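Worksheet for the structure shown next.
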There are 2 protein chains.
Amino acid sequence: MSSDFIEPGQPIHKIYLIYSGWAFRYRLLRDGRKQIINFALPGDYLGVSFSQSDGMRFGATAVTDLEVGIVSYASFTRAFGERPDLAIQAASVIEREAILVEEALVAVGKLTARQRIAWLIVDICRRWRDAVASEDGLQDFPFTQNHIADALGLSLVHVNKSLRALKLVGLIKIEGGKIRPVDEARLMRFSEGQHV
Amino acid sequence: MSSDFIEPGQPIHKIYLIYSGWAFRYRLLRDGRKQIINFALPGDYLGVSFSQSDGMRFGATAVTDLEVGIVSYASFTRAFGERPDLAIQAASVIEREAILVEEALVAVGKLTARQRIAWLIVDICRRWRDAVASEDGLQDFPFTQNHIADALGLSLVHVNKSLRALKLVGLIKIEGGKIRPVDEARLMRFSEGQHV
DNA sequence: CGGCAGTTTGAATATTATCAAGGGATGTGG
DNA sequence: CCACATCCCTTGATAATATTCAAACTGCCG
């Protein structure tokens, strides 16, 4: 019961647009470990691609219940014949996602465990605000510590200890199992290595 | 004398196509460290983008002497009016690069230092072969250990020690300061965590 | 020759992973 | 309703991995 809706290696046939809920895109290693490439929230697309390949290079898993729009890959491709400007839209989608992945690479490559976690929380909150425009900010941080570990290149145990440390210094709260930033600006500065 | 030809933060005005030579794309952290996002070799584009932004999100540095083709961003944008199919080409360029970055994220997130280095060498060799089609394979691995460190999220010292370890077990050679794979298939298996 | 960029090494330290175990909440079948 | 399983979180101890610091060596070039 892995709630995958895209399986790595499967032929490409659909593009998904998330209406509500959370998901993530991941790649599998040969030994079964997974690296989460990015998290997807309402407004994000999954599966947009111009390159023919044997099958999906990644998998996608639902984290919560999900409402999605689905476009068959065939009609996606066909659409460019009639409305070539759509290609630019699609390219923008790919590019936006690529920028996210680049930022994840910087975080995983250069930041400490605590900074990475801070970065992820801030990034999720910012994207939630941009996409859903709730002035309240993010109500529920929907990921488990295991998700965080798989996304940030850390072990589950170390994620847990780092979260407690962040909580201890007052950068985050954990209420009812849910992570919340206390002061997002401060958390962001911390993730950028400035003293808090 | 940093040989940057794209400066982070500068307004976008040009797209580069590399004819010959090596370069890399990087992001700066606030404390001055840099994360190399990807290496670029002949046939690779730098600066292709559909999203308006205040300035380049990354910098690009020449590693060797470089021959490049340059297209102004204005004419790049204009071209889509006349030849909308070009948008698909450009999107493919962005997507291909995004795939590289995803693979780097997996390597940095999940592999040991030695495996990361092996992965990078194999990746560079493969792309060289695909782009330049020299049956000889890569003559010169053009990067310094510092470049490798900045690309893989490792310290210079650790890169050095890992390289010697790879040399010791016969996975690579270092001749005249140049790194070369001994057996690329074996190196690839090693980077994937299978016993060599 | 002197300087510079790149590489190499050892020692001490810090960060992170692994192993092992247990706790709390939730759900399901008997 | 209880017994059991499962998933997620938590903690401590130990080991592996990587960083930092300091120093020195190399080849090359002006």
Side-chain angles (χ1 to χ4, degrees), chain A residues 1-3 22 24 29 31-36 61-65 107-118 120 140-168 172-180 193, chain B residues 1-3 22 24 29 31-36 61-65 107-118 120 140-168 172-180 190-191 193:
Chain A
M1 70 129 276
S2 76
S3 55
W22 294 84
F24 63 84
L29 302 182
D31 59 12
R33 290 181 297 163
K34 66 175 63 164
Q35 170 72 41
I36 292 180
T61 305
V63 174
T64 63
D65 287 345
V108 173
K110 288 280 180 292
L111 305 186
T112 65
R114 294 175 198 187
Q115 288 176 319
R116 286 183 220 183
I117 293 172
L120 179 62
D140 284 337
F141 189 88
F143 310 114
T144 67
Q145 296 182 6
N146 232 317
H147 291 137
I148 299 175
D150 282 342
L152 296 180
L154 298 167
S155 71
L156 167 61
V157 173
H158 199 57
V159 166
N160 183 282
K161 288 172 181 173
S162 303
L163 276 172
R164 327 235 86 235
L166 288 177
K167 183 183 169 193
L168 200 65
I172 63 172
K173 275 190 285 199
I174 304 179
E175 293 165 342
K178 294 299 180 184
I179 298 164
R180 303 202 47 178
Chain B
M1 72 127 274
S2 78
S3 54
W22 294 84
F24 63 84
L29 303 181
D31 60 11
R33 289 181 298 162
K34 67 175 60 166
Q35 171 71 41
I36 293 179
T61 305
V63 174
T64 63
D65 287 345
V108 173
K110 288 281 179 291
L111 304 186
T112 66
R114 293 175 200 187
Q115 287 175 320
R116 286 183 220 181
I117 293 171
L120 179 62
D140 285 337
F141 189 88
F143 310 114
T144 67
Q145 297 182 5
N146 232 318
H147 291 137
I148 299 175
D150 282 343
L152 296 180
L154 298 167
S155 70
L156 168 61
V157 173
H158 199 55
V159 166
N160 182 280
K161 287 173 180 170
S162 304
L163 276 171
R164 327 236 83 233
L166 288 177
K167 182 182 168 192
L168 201 64
I172 62 171
K173 275 190 283 197
I174 304 180
E175 293 165 343
K178 294 299 179 184
I179 299 164
R180 304 202 50 176
F190 173 77
S191 76

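Because the structure is predicted, anything quoted here is derived from the model rather than measured.
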Rounded distance (nearest 0.5 Å) linking atom CG of A:Asp31 with atom NZ of B:Lys110: 9.5 Å

Contact under 4.0 Å: A:Gln145 side-chain N or O vs D:dT10 OP1/OP2: yes

Start and end of the DNA chain C segment that chain B contacts, any atom under 4.0 Å from a heavy atom: C:dG6 to C:dA11

Atom-to-atom span, CD1 of A:Ile117 to P of D:dC9 - whole angstrom: 12 Å

Atom of B:Asp150, atom of B:Gln35 and distance for their closest heavy-atom approach: O-NE2, 3.4 Å

Heavy-atom side-chain contact between A:Ile36 and A:Phe143 under 4.5 Å: no

Interatomic distance, B:His158 atom NE2 to B:Leu152 atom CG [nearest 0.5 angstrom]: 11.0 Å

Rounded distance in Å - CG (A:Leu163) to C1' (D:dC8): 13 Å

Nearest-0.5 Å distance that lies between atom CD1 in B:Ile179 and atom CD in B:Gln145: 6.0 Å

Between D:dC7 (C1') and A:Asn146 (CG): distance, integer Å: 10 Å

Donor-acceptor under 3.5 Å (B:Arg114 side chain, B:Ala165 main chain): no

Atom pair distance, as rounded to whole Å: CG in A:Asp150 and C1' in D:dC8: 14 Å

B:Arg116 side-chain N/O to B:Leu111 backbone N/O, donor-acceptor pair under 3.5 Å: yes

Nearest-angstrom distance from the residue atom CZ of A:Arg164 to C1' of D:dC8: 13 Å

Every protein N/O within reach of nucleotides 17-21 of chain D N/O, cut-off under 3.5 Å:
{"from": "D:dA18", "atom 1": "OP1", "to": "B:Ala113", "atom 2": "N", "distance (Å)": "3.1"}
{"from": "D:dA18", "atom 1": "OP2", "to": "B:His158", "atom 2": "NE2", "distance (Å)": "3.0"}
{"from": "D:dA18", "atom 1": "O5'", "to": "B:His158", "atom 2": "NE2", "distance (Å)": "3.3"}
{"from": "D:dT19", "atom 1": "OP1", "to": "B:Ser155", "atom 2": "N", "distance (Å)": "3.0"}
{"from": "D:dT19", "atom 1": "OP2", "to": "B:Ser155", "atom 2": "N", "distance (Å)": "3.0"}
{"from": "D:dT19", "atom 1": "OP2", "to": "B:Ser155", "atom 2": "OG", "distance (Å)": "2.9"}

Heavy-atom donor-acceptor pair, A:Ser3 side chain to A:Ala62 backbone, under 3.5 Å: yes

